[in-house]
Amino acid sequence: MLTIKRLVLNQSLLNKSSCNSTIPIISINYNNSNNNNNNNKYNNKYNNKICFFSSSSSSSSSSSSSTLINKTNEILDIEENNNEISSPLFLKETIKEFKLKKEFIEKYSKKKAPFGFGVLGEIVYRRSYSRVKEDNTNEQWFETVERVVNGTYNIQRKWIERHGLEWNQSKAQKSAQEMYNRIFEMKFLPPGRGLYSCGSSTTESKGLFAALNNCAFVSTLDMKKNPSKPFIFLMDASMLGVGVGFDTKGENSFIIKGQLQQQQQQQQQQNDQNNNNIFIVPDSREGWVESVQLLLDSYFLKRNNPIFDYSSIRKKGEPIKGFGGVCCGYEPLKELHDEIRDLLNKCIGKPISSTNIVDLMNLIGKCVVSGNVRQAAEIAFGDPNSQEYIDLKNYEINPHRASFGWCSNNSVFAELGMDYSKVCQSILYNGEPGLAWLDNMKAYSRMVPTELDYKDRRAMGGNPCLEQTLESYELCCLVETFPNNHESLEDYLKTLKYAFLYAKTVTLGSTQWPDTNKVLLRNRRIGCSMSGIAQFIHFNGLHQLKDWCVNGFKLLNELDERYSEWLAIPKSIKKTSIKPSGTVSLLAGATPGMHYPISEYYIRRIRIQKESNLIQPLIDAGYHVEPAFENSTNVVVEIPIHSGKGIRSANSITMWEQLSLASFLQKYWADNQVSCTVSFDPVKEGPQLKHALDYFQYQLKGVSFLPNSSTTTSVYKQMPYEEIDETRYNRIVANLKPVDFQKLNNSPLEPTPDKFCDSSSCTIVSDNSETLNNL
């Protein structure tokens with residue numbers, strides 16, 4: 001008996017065979033002693049052809065069958081004196097690791113990284129994205145880029161080889177080197193999540209590709225079928241660093257039943273000897289999430305009250321190696337359990353309300369923040385006609401929400417043609433709600449008549465920063481380009497090729513959520529974004545920006561056609577957006593997204609852990625460093641910034657001009673959405689809000705507002721931004737020396753990555769002073 005185990009077919013030899021098989025054989029049993037007329041068969045599932053294998057010709061076989069048998073055996077080159085079949089047709093299946101050539105990397109090891117905004121970009125990189133290597137030292141920029149690019153091309157290669165497609169090693173090496181150069185030179189950058197996780201054990205060995213995606217959305221519309229499912233998805237995704245949007249459409253869809261009473265529990269336990277209410281919470285993301293699901297199900301489905309044992313959870317302060325930061329201990333989880341019980345005990349026998357939904361989501365977000373060790377991002381979408389929902393951030397009406405209401409940005413699904421008066425009153429009070437026009441999100445790609453295509457007819461909402469239209473359980477993958485870091489349109493278009501390729505590659509990874517995979521496999525949605533738009537307009541003009549947008553969008557469509565054909569996957573449903581950005585744009589010296597800087601000159605304050613090895617080099621160079629007043633474990637570093645000669649400040653841009661720029665970008669660039677937070681003077685421009693929305697509801701998919709004037713802006717110690725003049729800037733800079741981070745001490749420090757889209761505009765942090773350590 002001769003047996004071929006799982007092998008991969010040699011395509012070149014298969015092409016010579018009339019069998020023409022192209023997929024792996026699972027097994028073939030070749031019996032040399034069998035002389036009956038039954039041929040052993042191999043069913044080729046690829047084209048439903050049958051390959052026949054026989055030890056000898058049979059008189060009953062037809063001439064054509066004999067010919068096929070002889071050809072197959074000839075190609076197989078069967079050696080009957082062995083217990084194996086030796087043949088060049090079958091090659092051992094191997095997935096080789098992709099690596100950039102050492103001699104290529106060595107050239108960049110000696111180059112100075114072009115971090116932006118003086119030392120600020122480098123500090124942010126070393127604090128947030130420089131991982132500890134196997135030799136117990138932190139990465140340098142050239143090594144981080146190497147890890148990310150290798151990780152990107154490894155994802156491609158594994159996909160190609162597993163699906164029997166064509167992989168050209170030399171072409172891949174050339175392409176990877178070009179991608180490397182454009183990331184190294186800050187012409188485009190993966191999102192912060194990609195810089196931290198791509199090519200690490202998170203994706204290479206654990207396969208947690210959800211960690212490369214920025215944000216997600218989940219609808220509660222069908223929660224009656226599985227009431228706890230939306231909450232569990234949000235918690236699981238948040239603990240992976242994925243920001244999540246959610247709606248309140250599930251309100252009134254089911255009755256909160258409450259837990260089994262003690263007598264009922266005892267009776268059920270007697271009926272089921274294996275029933276044990278004690279749940280030992282595993283020291284893992286999955287364990288925390290399961291504990292919350294058990295508790296929610298006990299109320300929603302009338303089950304036993306679970307008793308939690310927290311003894312397996314690591315103590316507070318121990319490092320979290322996979323996603324950075326340190327363990328917060330079991331206390332935040334226990335607090336979440338207690339708060340869920342307090343909330344739901346008051347609602348037994350009542351339909352679940354929009355307040356209940358948002359409260360539960362916010363409490364979960366508060367837990368994930370874990371005492372400011374981690375960040376989380378949430379956005380709630382509600383009914384604009386629901387006063388209950390509109391008042392959620394009014395803590396005079398809802399005092400119980402004051403301790404956790406900050407955990408989400410709240411928006412409404414605005415209706416075209418609606419009366420915006422009540423919404424505007426609330427915006428003047430606290431800046432919320434934001435507005436999302438779901439009709440526009442479903443109907444349009446870019447907001448032009450020719451793109452009224454209803455590609456997103458299944459869309460249900462958006463992500464926390466509202467730059468991506470999303471279906472329920474869908475994730476979004478972002479990538480950021482910097483037009484102002486390019487000399488020509490030709491150079492920028494070349495960058496777009498590699499930025500797009502990075503984002504498209506991320507869509508090849510699957511997640512642990514089947515509902516998410518269904519949408520990702522179909523949509524392949526990405527968001528290729530621009531930052532530094534204010535700088536580009538200042539130096540090049542709006543007309544040139546339009547030219548780059550139009551030509552860039554056209555190229556991306558062509559690239560999507562080409563790469564989708566190569567990877568044998570669907571074209572991306574949508575490809576472009578404007579993200580608000582944050583720390584990633586700081587690396588490149590770019591203003592965030594479409595927003596203008598606070599001033600041409602300003603002081604940027606950032607928080608760093610006081611034990612960080614970054615502190616002493618900054619002190620030696622003359623930078624002002626002082627203890628953070630709100631957190632004894634942090635220090636605050638002051639960095640003078642010059643945004644660009646003569647650039648306009650955010651305070652000089654009217655509400656109408658900001659809305660017009662968002663509309664411009666939604667028309668010429670973003671087929672997803674433009675993340676836009678419009679600052680306005682509540683006294684001068686507040687009365688105009690309703691009229692502005694009347695006009696721009698037909699030109700935008702979403703927008704949020706921020707009251708901003710000398711009468712409403714609070715001033716507190718160690719603010720992250722402080723406007724200064726040129727004289728003070730020059731005086732500070734004159735006393736600074738170059739920072740030498742190469743002399744760091746030998747105590748490596750795991751970075752604390754910025755989650756989601758790395759923007760403070762959509763990251764939830766507590767509204768008390770302690771939250772400042774996330775800045």
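Treat the numbers as computed from the prediction; the structure is a model and nothing was measured.
- For the atom pair Phe705 CZ and Leu435 CG, the distance stands at 6.5 Å (nearest 0.5 Å).
- For the side-chain contact (heavy atoms from CB on, under 4.5 Å) with Arg401, the qualifying choice from Asp391, Leu392, Asn394 is Leu392, the only one to do so.
- Looking at Gln718 and Glu638, their side chains never bring a donor and an acceptor atom within 3.5 Å of each other.
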(request) Evaluate the side chain to side chain contact (heavy atoms under 4.5 Å, CB included) criterion for residues Gln425 and Ile390: first the C-alpha distance (whole Å), next the side-chain angles of each, then the deciding distance (0.1 Å), finally the verdict. (result) CA-CA 10 Å; Gln425 290 175 7; Ile390 297 296; over 6 Å; no
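- A salt bridge does not link Lys112 with Glu122: none of the charged nitrogens is closer than 4.0 Å to a carboxylate oxygen.
- Looking at every heavy atom in both residues, Gly552 comes nearest to Leu496 through CA-CD1, 3.5 Å.
- Counted by atom type alone, Ser408 and Asn410 present one or more donor-acceptor pairs between their side chains at under 3.5 Å.
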(request) Step by step, work out the ring-ring contact (aromatic ring centres under 6.0 Å, His included) result for Tyr129 and Trp141. (result) CA-CA 9 Å; Tyr129 306 118; Trp141 177 239; 8.5 Å; no
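- No donor-acceptor distance shorter than 3.5 angstrom exists from the side chain of Thr576 to the backbone of Cys528, with no hydrogens or angles considered.
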(request) Evaluate the criterion side chain to side chain contact (heavy atoms under 4.5 Å, CB included) for residue pair Glu657 and Leu661; output intermediate values, then yes/no. (result) CA-CA 6 Å; Glu657 184 176 351; Leu661 178 55; 5.7 Å; no
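- Under a 3.5 Å cut-off, the side chain of Arg605 and the backbone N or O of Met719 do form a donor-acceptor pair.
- The main-chain N or O of Ser581 is never found under 3.5 Å from a side-chain atom of Ser585 such that the two would form a donor-acceptor pair.
- In summary, Lys187 and Asp491 engage in a salt bridge, as defined by a charged side-chain N under 4.0 Å from a carboxylate O.
- Residues Pro687 and Val683 approach most closely at CD-O, 3.5 Å, considering heavy atoms.
- A distance-only check finds no donor-acceptor pair linking the side chain of Arg126 to the backbone of Leu614 [under 3.5 Å].
- The line from CG of Leu689 to CG of Leu659 is 8.5 Å long, rounded to the nearest 0.5 Å.
- Taken from CE in Met655 to CZ in Phe696, the straight-line distance is 8.5 Å, to the nearest 0.5 Å.
- Judged by distance alone, with hydrogens and angles left aside, the side-chain atoms of Arg147 form a donor-acceptor pair with the main-chain N or O of Leu195 at under 3.5 Å.
- Heavy atoms of other residues, nucleotides or ligands lying less than 6.0 angstrom from NZ of Lys316 number 12 at most.
- Side-chain contact between Phe741 and Asn138 is absent, with no heavy-atom pair separated by less than 4.5 Å.
- Remark: Met186 CE to Asn485 CG distance equals 9.0 Å, nearest 0.5 Å.
- Using modelled atom types and a 3.5 Å distance limit, the side chains of Ser663 and Gln699 yield a donor-acceptor pair.
- Aromatic ring pairs are classed by plane angle as parallel below 30°, tilted from 30° to 60° and perpendicular above 60°; the pair His486 and Trp548 is perpendicular.
- Of the charged side-chain nitrogens involved, none lies within less than 4.0 Å of a carboxylate oxygen, so that Lys701 and Asp671 do not count as a salt-bridged pair.
- Under 3.5 Å, the side chains of Gln468 and Ser577 contain a donor-acceptor pair of N or O atoms.
- A donor-acceptor pair is defined here as one N or O able to donate and one able to accept, closer than 3.5 Å; no such pair exists between the side chain of Arg607 and the backbone of Asn634.
- Counting heavy atoms from C-beta on, the side chains of Asp740 and Pro617 never come closer than 4.5 Å.
- With hydrogens and angles left out, the side-chain atoms of Gln658 and Tyr596 include no donor and acceptor closer than 3.5 Å.
- A distance-only check finds a donor-acceptor pair linking the side chain of Glu139 to the backbone of Arg131 [under 3.5 Å].
- No side-chain heavy atom of Phe482 sits under 4.5 Å from any side-chain heavy atom of Leu587.
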(request) Verify ring-ring contact (aromatic ring centres under 6.0 Å, His included) between Tyr125 and Phe115, making sure each step is shown before the conclusion. (result) CA-CA 9 Å; Tyr125 159 68; Phe115 290 113; 5.5 Å; yes
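- Of all the heavy atoms in Lys645 and His538, the pair that sits closest is O-NE2, 2.7 Å.
- Remark: the Thr677 side chain and the Ser704 side chain contain an N/O donor-acceptor pair separated by less than 3.5 Å.
- Shown here for Gln535 and Ile647, the closest heavy-atom pair between the two residues is CG-CD1, 3.8 Å.
- The two residues Pro191 and Val479 make their nearest non-hydrogen contact at CD-CA, 4.3 Å.
- For the 3.5 Å distance criterion, the side chains of Tyr492 and Thr481 qualify, holding a donor opposite an acceptor.
- Contact check for Trp406 versus Lys366: side-chain heavy atoms found under the 4.5 Å cut-off.
- A donor-acceptor pair is defined here as one N or O able to donate and one able to accept, closer than 3.5 Å; no such pair exists between the side chain of Ser652 and the backbone of Arg648.
- Counting only N and O atoms by type, the side chains of Asn463 and Asn214 include no donor and acceptor under 3.5 Å apart.
- Neither side chain, Glu480 nor Ser529, offers a donor N or O lying under 3.5 Å from an acceptor on the other.
- Counting heavy atoms from C-beta outward, Cys676 and Val678 have side chains that approach closer than 4.5 Å.
- Contact detail for Gln666 and Val674: the closest heavy-atom pair is OE1-N, 3.4 Å.
- With contacts defined as side-chain heavy-atom distances shorter than 4.5 Å, the pair Ile526/Leu478 does not qualify.
- At a threshold of 4.5 Å between non-hydrogen side-chain atoms, the residues Ile603 and Tyr721 do not count as touching.
- With a 6.0 Å radius and a threshold of 12 heavy atoms from other residues, nucleotides or ligands, Tyr695 has its OH atom at or below the threshold.
- With hydrogens and angles left out, the side-chain atoms of Gln673 and Thr469 include a donor and acceptor closer than 3.5 Å.
- Comment: Glu432 engages Lys393 in a salt bridge, judged by a side-chain N to carboxylate O separation of less than 4.0 angstrom.
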(message) Under the criterion side chain to side chain contact (heavy atoms under 4.5 Å, CB included), I'd like the reasoning laid out for Leu545 against Trp669: C-alpha separation, chi angles, the key distance, then a yes or no.
(response) CA-CA 10 Å; Leu545 178 61; Trp669 177 255; over 6 Å; no
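- The structure places CG of Leu475 at 8.0 Å from CG of Leu470, a figure rounded to the nearest 0.5 Å.
- For the residue pair Asn362 and Glu378, a side-chain donor N or O sits within less than 3.5 Å of a side-chain acceptor on the partner.
- Looking only at side-chain heavy atoms (C-beta outward), Cys549 and Met530 come within less than 4.5 Å of each other.
- The closest donor-acceptor contact from the side chain of Tyr389 to the backbone of Ser411 lies under 3.5 Å.
- Other residues, nucleotides and ligands contribute only 12 or fewer heavy atoms inside 6.0 Å of the NZ atom of Lys667.
- Side chain to side chain, Glu685 and Thr654 fail the donor-acceptor criterion of an N or O pair below 3.5 Å.
- Here the CD1-CG distance, from Ile639 to Leu736, works out to 10.0 Å after rounding to the nearest 0.5 Å.
- Annotation: cation-pi pair Arg728/Tyr601 absent, no NZ/CZ under 6.0 Å from the ring centroid and within 45° of its normal.
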(request) Using the side chain to side chain contact (heavy atoms under 4.5 Å, CB included) rule, take Phe664 and Leu542 through it: C-alpha gap first, then chi angles, then the decisive distance, then the call. (result) CA-CA 10 Å; Phe664 173 95; Leu542 192 64; 3.9 Å; yes
